[in-house]
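Have a look at the structure below before the remarks.
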Amino acid sequence: MVTFWQHVDSDGPSPSFRDLAVMLKELHAPPKPVDLVLPLFGPLGRVEDRLECAQSVSEGDIEFLRRRVKEPYAEYNALEFALPAGHIHGDAHKGNLLRRTDGNVILLDFERFPFGPREWDLSAAAIGVPFQGFRWLDDEEYAQAVDAYGFDIAEWPGLHTLRRIREITMTTWLMQNVEHGHDVRAGFDRRIASLRHEVLPRAWRPFWSGHSTSPARIETRDRSNGQAPTGGLDPV
């Protein structure tokens, strides 16, 4: 397979959560072509491989995460989703947005693009978890994002399950990068300690990668699949 990439220059203010909600609404709106076959979305698909490849992490932490992974599976399969299933981005976050020099925002990184619940795009990395689980955006910014998409994921009872899954994917992604600096190691240790105690919001520091600009930037690869990380709140 040969792919062609187009370079896009960026400029102007960083895209917002409202920009992300606008992009997701546009992405979710068109019907899927009947002849387009997409893989089914699996929210924890990469976690087991990451745990198998874990380095410089204690066996106690790995076993804790293995136990933690088992808990949300049954909950996820029993969820009643409010939105119709369809094509989703799968790793939607502000780090996968780019503001072009003409001011328009585009959505990047369609590496996954599976068939699954739209709630995942809205909750796992896009809007709901940063608002309810981590308080990485304030009430006004969250309200603007909800208004832009037209659905309040925080009012949906299944968000708690998706938040727990997202916490696992974020923690295991950071786990495989602990050798990249003291801040990364400290961030991983903080997340493990936090997961052992159900206290919200989480006092976690976001780590970014790739083209993103943020307080903590990691440029490495996902050891579970050899792919470059996708940036954002944390790749899934």
Side-chain angles (χ1 to χ4, degrees), residues 17 42-76 79 91-95 120 123-139 141-142 153-154 157-210 212-225 229-236:
F17 280 98
L44 291 164
R46 297 177 176 178
V47 171
E48 289 292 346
D49 288 339
R50 289 173 180 170
L51 293 174
E52 287 294 332
C53 299
Q55 301 176 13
S56 303
V57 178
S58 73
E59 285 297 325
D61 288 344
I62 293 175
E63 287 307 311
F64 168 75
L65 289 170
R66 288 191 191 281
R67 294 192 301 270
R68 184 86 179 188
V69 166
K70 295 178 182 179
E71 297 172 4
Y73 270 115
E75 294 180 22
Y76 178 80
L79 286 177
D91 194 16
H93 50 68
K94 290 200 301 180
W120 178 261
S123 65
I127 300 169
V129 168
F131 174 67
Q132 190 178 70
F134 301 99
R135 289 291 170 177
W136 288 346
L137 69 160
D138 59 29
D139 291 350
E141 190 173 10
Y142 179 72
I153 190 69
L159 177 61
H160 172 71
T161 297
L162 297 191
R163 175 185 59 78
R164 295 177 67 205
I165 293 174
R166 178 62 180 173
E167 288 175 347
I168 294 170
T169 61
M170 291 168 64
T171 300
T172 56
W173 177 83
L174 198 61
M175 172 191 69
Q176 65 188 358
N177 295 308
V178 294
E179 298 175 352
H180 285 260
H182 173 75
D183 286 351
V184 182
R185 165 67 72 174
F188 171 73
D189 291 342
R190 183 180 302 111
R191 292 182 183 191
I192 286 290
S194 178
L195 287 176
R196 297 179 188 272
H197 305 87
E198 290 295 338
V199 178
L200 292 175
R202 302 289 193 200
W204 292 8
R205 177 186 182 186
F207 286 80
W208 304 63
S209 65
S212 307
T213 300
S214 76
R217 175 171 173 172
I218 304 172
E219 296 189 52
T220 182
R221 290 186 177 272
D222 188 326
R223 292 176 181 160
S224 67
N225 63 3
T230 52
L233 301 181
D234 283 344
V236 298

Exercise for the section: I would like to know whether W173 and R46 meet side chain to side chain contact (heavy atoms under 4.5 Å, CB included); could you show each step before the answer? Expected result: CA-CA 9 Å; W173 177 83; R46 297 177 176 178; over 6 Å; no
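The two residues L65 and T172 have their closest heavy-atom pair at CD1-CG2, 4.2 Å. Between I62 and A54 the shortest heavy-atom distance is CD1-CB, 3.7 Å. Considering all non-hydrogen atoms of both residues, P72 and I168 come closest at CG-CD1, 3.9 Å. Shown here for A154 and L159, the closest heavy-atom pair between the two residues is CA-CD2, 3.7 Å. Shortest non-hydrogen contact noted between V69 and L44 is O-CD1, 3.9 Å.
To the nearest 0.5 Å, atoms CD (E179) and CZ (R185) are separated by 8.0 Å. A distance of 9.5 Å separates CG of L174 from CD1 of I192, quoted to the nearest 0.5 Å. Here the straight-line distance linking atom OH of Y73 with atom CD1 of I165 works out to 8.5 Å at 0.5 Å rounding. In this structure, OH on Y142 lies 7.0 Å from CD1 on I153, to the nearest 0.5 angstrom. Atom CG of L162 sits about 10.0 Å away from atom CD of E75, to the nearest 0.5 Å.
Using a cut-off of 4.0 Å between Lys/Arg side-chain N and Asp/Glu carboxylate O, D61 and R68 are scored as not salt-bridged. A salt bridge links E63 with R66: at least one charged nitrogen is closer than 4.0 Å to a carboxylate oxygen.
Side-chain contact between L51 and M175: present, with at least one pair of heavy atoms (C-beta onward) separated by less than 4.5 Å. Using a 4.5 Å cut-off on side-chain heavy atoms (C-beta onward), R202 and L195 make contact.
Inspection of the T171 and R191 side chains reveals no N or O donor paired with an N or O acceptor under 3.5 Å. Side-chain N/O atoms of H160 and R163 include a donor and acceptor closer than 3.5 Å.
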